[in-house]
2 protein chains.
Amino acid sequence: MSHSTKQRQAVLACLSGRRGELLSAAELTQILRQAGSPVGLATIYRHLTRLEEAGFVHRVNTPEGAFYRYCEEESSGGRECFLLRCESCGQILHLDCSHLRALYEHLERDHHFIVNPRETVFSGLCEACARRGKEALHEQP
Amino acid sequence: MSHSTKQRQAVLACLSGRRGELLSAAELTQILRQAGSPVGLATIYRHLTRLEEAGFVHRVNTPEGAFYRYCEEESSGGRECFLLRCESCGQILHLDCSHLRALYEHLERDHHFIVNPRETVFSGLCEACARRGKEALHEQP
DNA sequence: TATGAAAATGAAAATCATTTTCATATTATA
DNA sequence: TATAATATGAAAATGATTTTCATTTTCATA
Ligand SMILES: [Mn+2]
Ligand SMILES: [Mn+2]
Ligand SMILES: [Zn+2]
Ligand SMILES: [Zn+2]
């Protein structure tokens, strides 16, 4: 049904070798080209989609496009993590927070909405950018 | 600095006359054309951007594009509301929940991340779609 | 090992929401 | 009215993602 190809392995290996990092399809293309195993952009998109469906990678959607990261096997002890995206600097932070887990249970039990943490991204300001913003208020215009 | 034009008024009036509804730029175009006051798509995007910056409308980003709604004056008594988007049927629900407000305070105080509720959309399953999903598990394959 | 059907590849074209360009029209002010 | 600032909209540009399609690769089977 599905053939093993060097392109598929290259895409997964690249993400697997950079745990925790979020990469775009274009960044993947660039990295693989520099590593001497170029893979077409269309093929990269195809594999990212299939790898996500198969549970090997996670996708994070942002207004700037999608980013992908290797899926640590959360089933075996890995803590579920939540995504915070800074609107100012674009950085994506991972957060492990029991309050957040509890809130999701509240939403499910009391508001009948089942949150998908993988697709949910909190948008806002990271600490550095928030501080920078405060300082800007005190500057001369 | 900014001129009052019938196009700007038409865009705001359309959203104002449909409180709570989330409309895309294309839907706005369609509605205004049918109402006999057609406005170019580029102009609609320009006004939506400016109206949002000025606080008259809110924007909600989804993987299917941006949606806009009239801004009820939250400053004067209107409850802040949160956005839940069903991944299955696409519907966007508004939620007023004190637990959620409290969680945002926790994220700010203890994790130094200031959430922007206007840009944050919880992705998941609405009640109807979750039930439909459960039923599907019991069906014959 | 040779064969062939199924699956995969990648360059190029297509999509689609949004933004930009630019020539023209409208507004506000003198 | 004259003038400059601002707004409009059709068409072109953008940029991420998807699709097309001719070609290549994989893999089960002979
Ligand atoms: Mn916490
Ligand atoms: Mn609640
Ligand atoms: Zn930041
Ligand atoms: Zn639903």
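Each chain gets a letter, A, B and so on, in the order the sequences are listed, and its residues count up from 1.
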Would you classify [X] as touching base, sugar-phosphate or nothing, given that sugar-phosphate means primed atoms plus P, OP1 and OP2, and contacts are heavy atoms under 4.0 Å?
{"X": "A:Ser4", "value": "sugar-phosphate"}
{"X": "A:Ala66", "value": "sugar-phosphate"}
{"X": "B:Ser24", "value": "nothing"}
{"X": "A:Thr5", "value": "sugar-phosphate"}

[X] [atom1] to [N] [atom2]: how many Å, rounded?
{"X": "B:Arg8", "N": "C:dT26", "atom1": "CZ", "atom2": "P", "result": "19 Å"}
{"X": "A:Leu48", "N": "C:dG10", "atom1": "CG", "atom2": "P", "result": "13 Å"}
{"X": "A:Glu64", "N": "C:dA17", "atom1": "CD", "atom2": "P", "result": "18 Å"}
{"X": "B:Arg46", "N": "D:dT8", "atom1": "CZ", "atom2": "C1'", "result": "6 Å"}
{"X": "B:Ile44", "N": "C:dT19", "atom1": "CD1", "atom2": "C1'", "result": "15 Å"}
{"X": "A:His47", "N": "C:dT9", "atom1": "NE2", "atom2": "C1'", "result": "8 Å"}
{"X": "B:Leu28", "N": "C:dA17", "atom1": "CG", "atom2": "C1'", "result": "14 Å"}
{"X": "B:Leu23", "N": "C:dT18", "atom1": "CG", "atom2": "P", "result": "13 Å"}

Determine which nucleotide pairs with C:dT20, using a 3.5 Å limit on both distances of a Watson-Crick or G-U wobble pair.
D:dA11

With both distances under 3.5 angstrom, what nucleotide forms a Watson-Crick or G-U wobble pair with C:dA25?
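Answer to the pairing question: D:dT6, which forms a Watson-Crick or G-U pair with C:dA25.
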
OP1 or OP2 of D:dA7 versus the side-chain N and O atoms of B:Arg50: is any pair under 4.0 Å?
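So the side-chain polar atoms of B:Arg50 do come within 4.0 Å of the phosphate oxygens OP1 or OP2 of D:dA7, strictly under.
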
When you check the phosphate oxygens OP1 and OP2 of C:dT18, does a side-chain N or O of B:Tyr45 lie under 4.0 Å from one of them?
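Yes, B:Tyr45 has a side-chain N/O under 4.0 Å of OP1/OP2 on C:dT18.
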
Check every atom of C:dA6, C:dT9, D:dT6 against the side chain of A:His3 and return the nucleotide holding the closest atom.
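Of the options given, the side chain of A:His3 lies nearest C:dA6.
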
What nucleotide, of C:dT9, D:dT17, C:dA8, holds the atom closest to the side chain of A:Gln7?
C:dT9

Take the angle between the ring planes of B:His106 and A:His99 and call it parallel below 30°, perpendicular above 60°, tilted in between.
tilted

Taking A:Glu127 first and then A:Arg131, would you say they form a salt bridge - that is, a charged N and a carboxylate O separated by under 4.0 Å?
yes

Reported CZ-to-CG distance for the pair B:Arg85 and B:Leu125, which is rounded to 0.5 angstrom:
11.0 Å

Result for 5'-nearest mapping on DNA chain C, choosing between B:Ala42 and B:Lys6, is B:Ala42

Candidates B:Val121, B:Leu22, B:Leu83 - the one meeting side chain to side chain contact (heavy atoms under 4.5 Å, CB included) with B:Phe67
B:Leu22

Evaluate the side-chain contact (heavy atoms from CB on, under 4.5 Å) criterion for residues A:Asn116 and B:Glu87: first the C-alpha distance (whole Å), next the side-chain angles of each, then the deciding distance (0.1 Å), finally the verdict.
CA-CA 9 Å; A:Asn116 175 358; B:Glu87 291 167 9; 3.0 Å; yes

